[in-house]
Q: 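Pasting a structure below so you can have a look.
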Amino acid sequence: MLTEYAGNLSHPLEFGHVLEVVAKTIDGAARFHINLCTAKSSLNPDADIGLRFSCYFRNDMIVRNARLHGVWGEEESQVMDNITLPNPIVSGEFFMVYILACEDCFHISINSREFCTFRYRVPLNAIRAIEICDQIQVIKQVDHRTIFPNPWPAIQASDYFKAFSNDQPILFSPGHVIVITARCFENKRGQFIIKFMDSDTKREELHFSVRFDEKAVVRNSMNKNFEFGHEERHGGFPFVFNQQFKLALAFTEREVLTAVDGYNFFSYAWRTPSAMMNLVGFKVTAINGLVIQITGVDHMQTGDPTCAGFEKYSRHDYECA
């Protein structure tokens with residue numbers, strides 16, 4: 001089964017930012033692409049692409065290029081040295097692509113080994129979206145972090161056991177909206193959990209558990225002793241198994257508001273004072289054989305600390321810009 005990903009970054013790229021992608025192609029794949037662009041292609045098919053990272057398995061090579069004002073530039077395929085493979089990614093196996101924004105170029109590593117550089121052809125701060133497409137089977141991680149002056153958010157060992165990860169290089173603030181586009185399949189009695197954690201302690205400030213076996217969505221938080229409090233379950237169950245959904249989470253100073261497929265779902269009051277101010281992204285885990293396929297995460301700064309009208313972002317006919 002094929003998948004793809006398209007999402008708006010929470011912050012334009014800057015010097016010292018890192019994008020880390022973990023994914024897997026289908027067996028026998030011919031190619032895949034990672035695009036860093038000024039806008040998602042669904043919004044603007046002619047948007048500038050600051051970096052296209054293209055893996056061609058049949059030619060055993062990885063090509064880099066950029067598109068400016070609709071015109072592709074010169075392709076680059078050279079590697080760092082004579083001992084670096086022209087394509088260290090294996091079709092059908094998980095790979096990690098690590099893209100570091102330095103002063104005048106991207107430094108790209110594959111599977112924790114330095115691979116190549118690519119000089120900027122589009123202003124770095126114009127890059128606001130990432131897309132992953134073409135013969136991809138699983139996308140497990142699309143993290144956006146900083147490494148300068150210090151690595152942040154911190155990478156935890158537990159990160160490697162998640163179904164999906166989406167770290168961000170900025171703390172959340174009132175008016176921040178996240179829209180997750182996804183679909184669940186395999187075991188229809190499984191569950192998935194979205195975890196928003198404190199950036200320092202990794203304590204769960206919002207535990208969002210979607211339980212198809214119980215037809216319930218359970219919300220909870222951990223206290224300072226890492227113990228869960230009382231569960232909240234009101235609001236019904238708006239998720240349909242094996243059907244795409246759009247979940248919008250709107251962050252305000254006192255609570256997080258949610259909407260699913262264009263309709264208000266529930267609000268959840270923060271149980272730790274200023275909890276929202278120390279969130280930097282989320283992790284997703286899946287339980288009991290359920291598989292969740294996340295095809296988009298859009299971050300938006302609405303400029304309205306109350307997030308009024310945020311429900312529209314979860315409509316299927318609305319493209320998040």
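Quick caveat: nothing in here was measured; it's all calculated off a predicted structure.
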Q: Could you please spell out the steps behind the salt bridge (Lys or Arg N to Asp or Glu O under 4.0 Å) verdict for D317 and R315?
A: CA-CA 5 Å; D317 62 350; R315 296 199 328 247; 2.9 Å; yes

Q: If you draw the axis of the six-membered ring of F57, does the NZ or CZ of R31 fall within 45° of it and under 6.0 Å from the ring centre?
A: no

Q: So which heavy atom on S314 is nearest to which on A259, and how close?
A: OG-CB, 3.7 Å

Q: Would a hydrophobic clustering, with Ile, Leu, Val, Met, Phe, Trp and Tyr connected at side-chain separations under 4.5 Å, put L279 with L257?
A: no

Q: Step by step, work out the salt bridge (Lys or Arg N to Asp or Glu O under 4.0 Å) result for K40 and D298.
A: CA-CA 10 Å; K40 294 186 298 182; D298 289 303; 3.0 Å; yes

Q: Under 3.5 Å, is there a donor-acceptor pair linking the side chains of E4 and T295?
A: no

Q: Is the gap between the ring centers of F228 and H207 under 6.0 Å?
A: yes

Q: Which heavy atom of F212 sits nearest a heavy atom of C184, and at what distance?
A: CE1-SG, 3.9 Å

Q: Salt bridge check: are E205 and R271 linked by an N-O gap of less than 4.0 Å?
A: no

Q: Do F310 and Y318 belong to the same hydrophobic cluster, where Ile, Leu, Val, Met, Phe, Trp and Tyr are linked whenever their side-chain heavy atoms lie under 4.5 Å apart, directly or via other members?
A: yes

Q: Are K24 and F95 in a cation-pi setup, meaning NZ or CZ lies under 6.0 angstrom from the ring centre and within 45 degrees of the ring axis?
A: no

Q: Under the salt bridge (Lys or Arg N to Asp or Glu O under 4.0 Å) rule, what do D46 and R67 come out as? Steps first, then yes or no, please.
A: CA-CA 9 Å; D46 298 319; R67 186 180 70 189; 5.4 Å; no

Q: Transitively linked via ILVMFWY side-chain contacts under 4.5 Å: I194 with V218?
A: no

Q: Looking at F282, F196, Y268, which hits ring pair (Phe, Tyr, Trp, His ring centres under 6.0 Å) with F251?
A: F196

Q: Applying side chain to side chain contact (heavy atoms under 4.5 Å, CB included) between V297 and each of V179, V142, N166, N8, report the one that passes.
A: N166

Q: Give a yes or no on whether the ring-centroid distance for H11 and H17 is below 6.0 angstrom.
A: yes

Q: Got a list of side-chain donor-acceptor pairs under 3.5 Å for residues 111-130, not counting sequence neighbours?
A:
from	atom 1	to	atom 2	distance (Å)
N111	OD1	M96	N	2.9
R119	NH1	D104	OD2	3.3
Y120	OH	C102	N	3.0
Y120	OH	C102	O	2.7
Y120	OH	C105	O	3.1
R121	NH1	N65	OD1	3.0
R121	NH1	E74	O	3.2
R121	NH2	E74	O	2.7
R121	NH2	E76	OE2	3.1

Q: Would you indicate whether the side-chain heavy atoms of E103 and F15 approach each other to under 4.5 Å?
A: yes

Q: Hey, quick one: are I139 and F192 part of the same hydrophobic cluster, counting side-chain heavy atoms closer than 4.5 Å, chains of contacts allowed?
A: yes

Q: Parallel, tilted or perpendicular for F239 and F237, by the 30°/60° rule?
A: perpendicular

Q: From the options N87, V97, V79, I108, select the one residue that forms a side chain to side chain contact (heavy atoms under 4.5 Å, CB included) with I62.
A: N87

Q: Is it the case that the ring center of F241 lies less than 6.0 angstrom away from the ring center of F185?
A: no

Q: In terms of side-chain heavy atoms, does S209 have a donor or acceptor partner in R211 at a distance below 3.5 Å?
A: yes

Q: Checking E131 now: which residues fulfil salt bridge (Lys or Arg N to Asp or Glu O under 4.0 Å) with it, not counting sequence neighbours?
A: none

Q: Would a line drawn from the ring center of F208 to the ring center of F266 be shorter than 6.0 Å?
A: yes

Q: Among V21, I110, I132, find the one that has a side chain to side chain contact (heavy atoms under 4.5 Å, CB included) with F53.
A: I110

Q: Could you list the residues that satisfy side chain to side chain donor-acceptor pair (under 3.5 Å) with N264, not counting sequence neighbours?
A: E311

